[in-house]
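Within every chain, numbering begins at 1; the chains are lettered A, B, ... in the order of the sequence lines, protein sequences first and strands thereafter.
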Protein chains: 2
Amino acid sequence: MKITIKEVAQAANVSIATVSRVLNGKNKVKPSTREKILHAIESLNFQPDQNARTMINKTTKTVGMLVPELKNEYWMLLLDVIQKELWEQGYTLIIGSTDHQVEKETAFVKSFVEKRVDGIIYSSSVMESAEEMSGIIQLAKKYDIPMVTLNPSISQANCVFGDHIQGASDATEHLIGLGHRHIAYIGGRSVSTKRELGYRNAFMMNNLVVNEALIQRIPGLPTFEAGYEAAHQLLLSGEPFTAIFCGNDVLAFGTIKALEEHGKSVPGEIAVVGYDDVHSARLLKPALTTVRQPIQEIGRSLVELIMDSSSKNLNQTVPKKIIYRMQLIVRDSCGAGLKKEVKN
Amino acid sequence: MKITIKEVAQAANVSIATVSRVLNGKNKVKPSTREKILHAIESLNFQPDQNARTMINKTTKTVGMLVPELKNEYWMLLLDVIQKELWEQGYTLIIGSTDHQVEKETAFVKSFVEKRVDGIIYSSSVMESAEEMSGIIQLAKKYDIPMVTLNPSISQANCVFGDHIQGASDATEHLIGLGHRHIAYIGGRSVSTKRELGYRNAFMMNNLVVNEALIQRIPGLPTFEAGYEAAHQLLLSGEPFTAIFCGNDVLAFGTIKALEEHGKSVPGEIAVVGYDDVHSARLLKPALTTVRQPIQEIGRSLVELIMDSSSKNLNQTVPKKIIYRMQLIVRDSCGAGLKKEVKN
DNA sequence: CTGAAAGCGCTAACAG
DNA sequence: CTGTTAGCGCTTTCAG
């Protein structure tokens with residue numbers, strides 16, 4: 001039932017070598033035999049076996065991508081660009097989601113290696129550099145598989161990432177510019193610690209000191225509920241504040257809900273700024289002021305880096321680090337519009 | 001640099017056959033040699049080449065999934081379950097998004113076939129059955145690749161799908177039960193036509209007749225903007241109505257925005273019901289009444305069907321069709337809570 | 001231009 | 001229990 005190059009050769013009355021030649025467009029083949037073969041391929045609906053080819057070419061035209069989770073707008077958008085970009089270049093994408101279980105990472109990478117993917121795009125489930133990671137890097141290196149990561153903490157690998165210190169700093173600075181002095185922060189280890197750092201940076205740059213009591217570090221995943229809970233705590237603490245900067249948008253949504261339940265209007269009494277610019281950020285009321293990541297560009301860079309390092313196999317060189325600027329998107333939740341009105 | 005079974009055999013002082021045996025756990029191997037080999041594998045960090053194995057086993061432990069788009073909550077959620085479920089079974093997932101370009105479908109499926117995936121999960125970019133599709137089915141069949149689709153219109157393939165007639169009917173009926181008689185519908189060919197049919201079904205069941213002037217069929221993709229525009233048209237038409245049933249949630253969000261801009265309160269003056277129950281449906285104000293698809297179950301069924309048909313290769317039998325009930329989620333936008341209050 | 005033949009890395013008889 | 005050997009489907013010298 002399954003058609004192989006042999007059947008094609010038979011049908012076209014040539015040797016398999018010649019069929020292979022027209023398949024690969026190498027070595028001139030007489031136009032007439034070429035036609036015959038093409039016709040046989042067509043009528044038999046022959047699809048060459050990539051696996052057999054791989055054994056010789058040593059290339060699978062496949063790259064593997066490992067992410068901590070899938071059902072999240074950020075990853076989905078990234079996945080989308082990457083898959084498209086890869087397809088353009090004739091590559092296909094294998095995906096793996098660890099669902100935040102770090103233990104799964106090695107298993108996934110091993111399966112990528114076994115499949116002999118041409119490259120791996122790796123984003124760890126843990127934020128700080130761990131042994132886990134370096135083991136993974138070693139494995140990939142051993143099998144000469146180019147790897148590019150989204151974790152800047154991995155020093156030995158090529159990397160693409162957003163400048164979250166700058167992004168968070170810009171967001172906080174915007175709040176400061178609006179006159180706020182008591183600005184809370186809701187984040188935690190699961191949202192890049194860089195964001196908290198950026199928040200602190202903005203205070204430093206303005207010779208302000210952060211009130212540690214206004215920092216809420218959530219223990220688990222940065223969900224709507226976590227944001228709700230953190231804002232609730234903030235309110236209960238009695239510590240005064242007029243603004244909250246949240247490590248991500250979903251956290252901000254939860255925060256806003258808590259605030260409203262406590263009768264605090266947003267942005268009237270409390271200004272809120274998020275991070276990521278998820279789609280619904282512009283839909284909710286008030287529309288969320290947030291920080292946008294250039295996901296398209298990040299995705300494209302990722303693919304570009306992988307392609308580069310798989311062509312020249314000189315991944316011996318110094319790892320390339322590409323960093324992207326974040327963009328502050330001012331909408332309603334920070335009260336920027338409101339203040340202006342007051343001023344006028 | 002690359003380690004093969006040969007190097008392992010050498011290191012352990014055995015033949016490659018024996019290494020293969022411990023790799024596959026078949027045929028008893030003397031514990032001591034077994035240990036030696038295991039040790040060699042470990043220390044050399046040997047990862048067997050799947051491609052080579054595939055040539056013999058005729059199985060890639062990979063399934064390909066083709067979807068019309070990725071950046072959309074529905075697909076993301078589905079992708080998530082499927083990838084997880086597959087991983088549990090020791091399979092990996094290749095994904096392809098056509099981005100609604102039907103022309104790309106064949107190319108994707110061909111690449112799946114070339115990779116000799118063990119199964120294909122296929123959701124077409126076009127709603128109605130087309131020649132395109134049957135070509136794809138044929139191709140998969142020719143190479144004995146089990147295929148399961150999400151398009152009920154493809155008669156020759158196994159299929160899993162939601163009962164959108166029932167879902168849409170339930171939603172509409174709920175509105176009717178609330179006392180509404182002039183219910184508009186916003187949908188179009190890009191959102192399953194089944195939903196419009198369900199809407200009509202509810203009218204029929206209640207001996208009501210639909211006012212065709214209240215049906216808005218959007219031409220392109222069912223986006224926020226499209227919903228906004230359609231609702232706008234409805235308002236301009238002057239045709240009276242007290243409720244709108246939207247073919248999906250995003251459409252509903254756009255609809256609500258248009259309504260509010262026209263000073264119509266939701267659900268006070270106009271009730272709105274969506275479809276899909278995307279995450280932000282519960283976040284927006286008013287919280288959207290909508291219809292939920294059992295995505296988890298759908299995903300699981302899909303994987304199950306693929307696995308089944310790849311083990312028994314009797315895909316000669318009658319295609320299996322699995323249909324899932326949709327669930328109405330009543331929240332605020334339909335005014336169900338409101339009416340009750342009035343009544344009491 | 002085209003065919004014969006040698007593998008790619010691995011598994012599966014078939015003998016020892 | 002273990003080694004030898006013949007392929008899997010394809011590409012690539014190496015000779016015609």
Side-chain angles (χ1 to χ4, degrees), chain A residues 1-38 40-41 44-61 110-111 113-118 142-145, chain B residues 1-38 40-41 44-61 110-111 113-118 142-145:
Chain A
M1 194 68 216
K2 235 153 223 169
I3 308 300
T4 74
I5 199 174
K6 219 167 159 183
E7 276 81 74
V8 177
Q10 220 151 34
N13 238 304
V14 292
S15 74
I16 60 169
T18 309
V19 177
S20 175
R21 284 193 261 265
V22 341
L23 237 32
N24 297 286
K26 294 179 180 172
N27 303 327
K28 305 237 81 45
V29 173
K30 204 204 313 175
S32 69
T33 46
R34 186 189 152 73
E35 282 312 312
K36 259 194 315 187
I37 293 172
L38 247 23
I41 288 177
L44 290 172
N45 214 331
F46 166 68
Q47 308 293 136
D49 185 329
Q50 264 264 325
N51 299 291
R53 293 179 128 173
T54 294
M55 299 222 57
I56 302 163
N57 303 334
K58 266 74 187 87
T59 164
T60 49
K61 290 287 187 186
K110 277 193 178 158
S111 100
V113 172
E114 288 182 353
K115 293 217 153 63
R116 301 292 189 262
V117 298
D118 292 336
K142 177 130 200 173
Y143 283 84
D144 285 322
I145 301 179
Chain B
M1 195 68 219
K2 237 153 222 171
I3 308 300
T4 75
I5 199 175
K6 221 169 160 183
E7 275 83 72
V8 177
Q10 218 152 33
N13 240 302
V14 293
S15 74
I16 61 169
T18 309
V19 177
S20 176
R21 284 192 262 264
V22 341
L23 238 32
N24 296 287
K26 294 179 182 173
N27 302 325
K28 304 237 82 44
V29 174
K30 203 205 312 175
S32 68
T33 45
R34 188 188 152 74
E35 281 313 312
K36 259 195 316 186
I37 293 173
L38 246 24
I41 288 177
L44 290 171
N45 214 331
F46 165 68
Q47 308 292 137
D49 185 328
Q50 264 263 325
N51 300 292
R53 294 180 129 173
T54 294
M55 300 222 57
I56 302 164
N57 304 333
K58 265 75 186 89
T59 164
T60 48
K61 290 287 184 185
K110 277 193 178 159
S111 100
V113 173
E114 289 183 351
K115 293 217 154 63
R116 300 291 190 262
V117 297
D118 293 336
K142 177 133 201 170
Y143 282 85
D144 285 322
I145 301 179

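- Phosphate contact (OP1/OP2 of dC10(D), side-chain N/O of R53(A), threshold under 4.0 Å): absent.
- Counting only distance, with no hydrogens or angles, the side chain of K142(B) and the backbone of L44(A) share a donor-acceptor pair below 3.5 Å.
- In this structure, the CE atom of M55(A) is 9 Å from the C1' atom of dC8(D), given to the nearest Å.
- When distances are taken from the side chain of A17(B) to each of dT11(C), dT4(D), dC10(D), the shortest belongs to dT4(D).
- Under the 4.5 Å side-chain criterion, counting only non-hydrogen atoms from C-beta, L23(A) is in contact with R53(A).
- Between the P atom of dC10(D) and the CD atom of Q47(A) lies a distance of 11 Å, rounded to the nearest Å.
- With rounding to whole Å, K26(B) atom NZ is found 18 Å from dT2(D) atom P.
- Taking 4.0 angstrom as the limit, T33(B) places a side-chain polar atom (N or O) nearer than this to OP1 or OP2 of dT2(D).
- Comparing S15(B) and K58(B) by the nucleotide of DNA chain D whose heavy atom lies nearest to each, the residue mapping closer to the 5' end is S15(B).
- If you measure from atom CD1 of I3(B) to atom P of dC8(C), you get 15 Å, rounded to the nearest angstrom.
- In the set dC10(C), dC14(C), dG9(D), dC10(C) carries the atom at the smallest distance from any side-chain atom of A52(B).
- In this structure, the CD1 atom of I56(A) is 7 Å from the P atom of dT12(D), given to the nearest Å.
- The interatomic distance linking N51(B) (CG) with dC10(D) (P) rounds to 14 Å, in whole Å.
- In terms of modelled atom types and a separation under 3.5 Å, the side chain of T54(A) and the main chain of Q50(A) share a donor-acceptor contact.
- Atom CG of N13(B) is separated from atom P of dC1(D) by 19 Å (rounded to the nearest Å).
- Taking the side chain as every heavy atom from C-beta outward, I145(A) and V117(A) approach each other to under 4.5 Å.
- By the 6.0 Å contact criterion, CD on Q10(B) is open, its count of non-hydrogen atoms from other residues, nucleotides or ligands being 12 or less.
- For the OP1/OP2 pair of dC8(D) and a distance below 4.0 Å, the side-chain nitrogens and oxygens of T4(A) include no atom meeting the criterion.
- Ranking dT11(D), dG3(D), dC8(D) by closeness to the T18(B) side chain, first place goes to dG3(D).
- Among the heavy atoms of the strands lying under 4.0 Å from V14(A) are primed sugar atoms or P, OP1, OP2 only; no base atom is included.
- The side chain of R21(A) lies closest to dT2(C), out of dA13(C), dC10(D), dT2(C).
- Within the 3.5 Å criterion, the main-chain N or O of N51(B) finds no donor-acceptor partner in the side chain of N51(A).
- Taking the side chain of N57(B) as heavy atoms from C-beta on, and the options dC10(D), dT11(C), dT2(D), the nearest nucleotide is dT11(C).
- Here the P atom of nucleotide dC1(C) and the CZ atom of R34(A) are 12 Å apart, to the nearest Å.
- Between Q47(A) and R116(B) there is a side-chain heavy-atom pair separated by less than 4.5 Å.
- Across the helix from dC1(C)-dG16(D) to dG16(C)-dC1(D), the helix axis at one end is tilted relative to the axis at the other end by 40° (nearest 10 degrees, each axis from five pairs).
- Checked by atom type, the side-chain pair T4(B)/E7(B) shows a donor-acceptor distance below 3.5 Å.
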